[in-house]
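What follows is a set of notes on a single structure, which appears directly below.
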Number of protein chains: 2
Amino acid sequence: MRSRIIIFDDNQERLNSVAMLLNLSAGFTCNGTFPNANNLVADISSSKPDLVLMDIDMPGLNGIDATKLVRKHFDALPVLIQTNFEEDERIFGSLRAGANGYILKKTSPERFLESLREVLDGGAPITGSIAAKVLKHFSAESQAKKDYHLTEREKHILGFLVKGYSYKLIASACGITYNTVNNHIRNIYDKLYVNSATEAVSLAIKERLV
Amino acid sequence: MRSRIIIFDDNQERLNSVAMLLNLSAGFTCNGTFPNANNLVADISSSKPDLVLMDIDMPGLNGIDATKLVRKHFDALPVLIQTNFEEDERIFGSLRAGANGYILKKTSPERFLESLREVLDGGAPITGSIAAKVLKHFSAESQAKKDYHLTEREKHILGFLVKGYSYKLIASACGITYNTVNNHIRNIYDKLYVNSATEAVSLAIKERLV
DNA sequence: ACGTGTATAGCAAGAATTTGCTATTGTGGT
DNA sequence: ACCACAATAGCAAATTCTTGCTATACACGT
């Protein structure tokens with residue numbers, strides 16, 4: 001049983017050549033080629049693909065929004081994003097939209113077919129350079145975090161604040177008095193340069209202090 | 001010139017076998033094996049590696065914290081994390097700590113050596129299943145967001161709450177009265193099933209309502 | 001025409017937070 | 001010995017938030 005693939009790409013030439021590649025390859029058939037995603041839901045409904053190959057740059061609905069739409073209407077249908085460029089914003093946009101993989105158009109046909117199989121197999125092919133960007137994104141998050149010199153007790157209490165505990169609840173959770181909680185929270189505010197619980201909570205979550 | 005590798009792993013057997021594999025492979029030497037990362041800075045300073053292979057489960061300093069320490073003291077020194085399991089939390093912890101790659105211990109020796117080369121080359125090897133988790137994490141962020149049916153006004157005001165504005169400030173920022181702000185916030189609490197500003201702010205940030 | 005939902009506005013009581021102070025104890029460093 | 005700092009605790013005031021009500025006006029769908 002050959003896997004049914006459909007392609008959205010505004011480049012007609014590429015559309016044809018990829019379709020041909022698929023049809024010539026064992027295990028795949030191309031069951032639809034569309035120059036835009038403006039009728040995406042109808043297109044998918046009629047062609048019943050196992051996998052959608054999506055270009056990012058398309059007139060009308062772009063590949064990222066189209067991917068979101070696929071996720072919305074065809075929850076389990078895998079989408080593999082293809083693009084010419086490695087722009088950070090697009091990569092993360094695509095990943096966030098729920099794409100199952102992200103490969104570059106310059107990828108060799110062998111690697112390309114392998115990626116298709118990987119996606120159909122539940123994997124998530126991403127090229128090395130894109131993986132590097134993703135990892136860098138994660139580590140960048142941790143780099144930026146400043147040190148507010150909170151003590152362990154203060155971090156702990158800040159954690160309770162984030163959970164929405166009242167001073168009274170925090171006191172009993174920590175086994176200390178209301179007044180002591182009050183003091184710890186003042187000190188937290190001083191160190192975080194804020195003067196309300198909501199600001200402290202915002203900062204705590206955004207800077208991953210908890 | 002062979003690349004210098006050091007290994008941190010509390011499993012002595014594995015430590016030996018990986019060291020042997022490295023020394024037998026063209027292009028690599030193992031220049032240090034350590035059963036824990038408790039003297040990490042000194043160990044690295046003396047062995048001057050080109051790459052650090054890091055186990056996650058170690059007594060004392062764990063692999064994630066050890067990786068953070070490497071990042072802190074040896075900024076450009078690549079770290080490749082190895083682990084038995086594919087636990088989500090650890091993956092993200094490692095990536096966040098600034099690891100350059102994340103591979104499973106069950107990876108074949110060929111793939112393993114390839115990964116080392118990839119890291120030394122500035123790439124970011126991650127196994128397919130891990131990549132899938134990363135991608136799922138990204139898409140989960142957008143998927144998981146439930147709809148709390150907040151109106152535009154409510155979202156807007158929730159945004160001010162997150163910024164730490166008082167009711168009074170929100171009122172003047174929106175050009176409405178204190179009482180109206182009060183009412184909107186009640187409605188927000190009702191819809192979010194919370195009963196304090198801190199809880200609302202936590203939820204808003206975590207669920208990306210703002 | 002009638003209900004539903006949104007935005008607006010008010011009053012008021014009670015609870016909670018914020019801030020200004022002071023003060024003791026223990027720990028660790030110089 | 002002394003100093004800095006963390007954790008503890010207290011009192012009190014001023015402020016802010018939360019919740020209980022009610023109420024008007026507009027838009028939208030049936």
Side-chain angles (χ1 to χ4, degrees), chain A residues 145-210, chain B residues 38-39 41-42 60-61 65 69 145-210:
Chain A
K145 110 169 133 191
K146 304 172 202 108
D147 189 4
Y148 292 92
H149 303 291
L150 294 183
T151 67
E152 284 308 306
R153 196 49 144 178
E154 286 162 356
K155 282 180 199 166
H156 194 215
I157 287 177
L158 183 53
F160 283 126
L161 268 191
V162 169
K163 282 190 196 162
Y165 281 33
S166 67
Y167 286 24
K168 219 184 284 183
L169 269 176
I170 296 174
S172 75
C174 292
I176 56 182
T177 69
Y178 173 95
N179 285 316
T180 304
V181 172
N182 189 188
N183 274 312
H184 284 308
I185 290 178
R186 286 169 216 251
N187 293 332
I188 293 170
Y189 289 1
D190 282 350
K191 290 180 180 178
L192 263 43
Y193 297 103
V194 302
N195 43 28
S196 74
T198 52
E199 284 178 280
V201 167
S202 271
L203 198 65
I205 297 176
K206 287 177 179 165
E207 306 258 337
R208 295 179 184 282
L209 302 180
V210 289
Chain B
N38 300 339
N39 298 312
V41 177
L61 197 64
D65 292 335
L69 213 55
K145 117 169 125 184
K146 304 175 202 102
D147 191 2
Y148 292 93
H149 303 292
L150 293 183
T151 67
E152 284 308 305
R153 196 49 144 179
E154 285 161 356
K155 283 180 197 165
H156 194 215
I157 287 178
L158 183 53
F160 283 126
L161 267 191
V162 169
K163 282 191 195 163
Y165 280 33
S166 68
Y167 287 24
K168 219 185 285 184
L169 268 177
I170 296 175
S172 75
C174 292
I176 56 182
T177 69
Y178 172 95
N179 286 316
T180 304
V181 172
N182 189 188
N183 274 313
H184 283 307
I185 289 178
R186 287 170 215 249
N187 294 332
I188 293 171
Y189 289 1
D190 283 347
K191 292 180 180 178
L192 263 43
Y193 298 103
V194 301
N195 43 28
S196 74
T198 52
E199 286 178 277
V201 167
S202 271
L203 198 66
I205 298 176
K206 287 176 180 167
E207 307 257 337
R208 295 178 182 281
L209 301 180
V210 290

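Everything numeric in this text was worked out from a predicted model, so none of it was measured.
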When you check the phosphate oxygens OP1 and OP2 of C/dG10, does a side-chain N or O of B/T177 lie under 4.0 Å from one of them?
yes
A/I170 CD1 to C/dT17 C1': how many Å, rounded?
11 Å
Below the 4.0 Å mark, does D/dA9 have OP1 or OP2 next to a side-chain nitrogen or oxygen of A/N179?
no
Between C/dG5 and B/T151, is there an OP1 or OP2 to side-chain N/O distance shorter than 4.0 Å?
no
If I take atom CZ in residue B/R186 and atom C1' in nucleotide D/dT22, what distance separates them, rounded to the nearest angstrom?
10 Å
Expressed as a whole number of angstroms, how long is the span from B/I157:CD1 to C/dT8:C1'?
11 Å
Report yes if a side-chain nitrogen or oxygen of B/T180 is closer than 4.0 Å to either non-bridging phosphate oxygen (OP1 or OP2) of C/dA9; otherwise report no.
yes
Phosphate contact (C/dA15 OP1 or OP2) by A/Y167 side-chain N/O below 4.0 Å:
no
Less than 4.5 Å apart, any side-chain heavy atom of A/I157 and any of A/C174?
yes
Rounded to whole angstrom units, what separation is found between the CG atom of B/N183 and the C1' atom of C/dG5?
14 Å
What's the CG-C1' distance between A/L150 and D/dA7, to the nearest Å?
15 Å
Could you work out which one of D/dT19, C/dC21, C/dT18 sits closest to the side chain of B/N195?
D/dT19
What's the CG-P distance between A/N182 and D/dC11, to the nearest Å?
13 Å
Mind checking A/Y189 for me? I need base, sugar-phosphate or nothing, with any heavy atom below 4.0 Å counting as a touch.
sugar-phosphate
Find the distance B/I176:CD1 to C/dT6:P and express it as a whole number of Å.
15 Å
I want to verify a distance call: between C/dT8, C/dA16, C/dT6, whose nearest atom is closest to the B/K191 side chain?
C/dT6
Base, sugar-phosphate alone, or nothing: which one does A/S166 contact when heavy atoms must sit under 4.0 Å apart?
sugar-phosphate
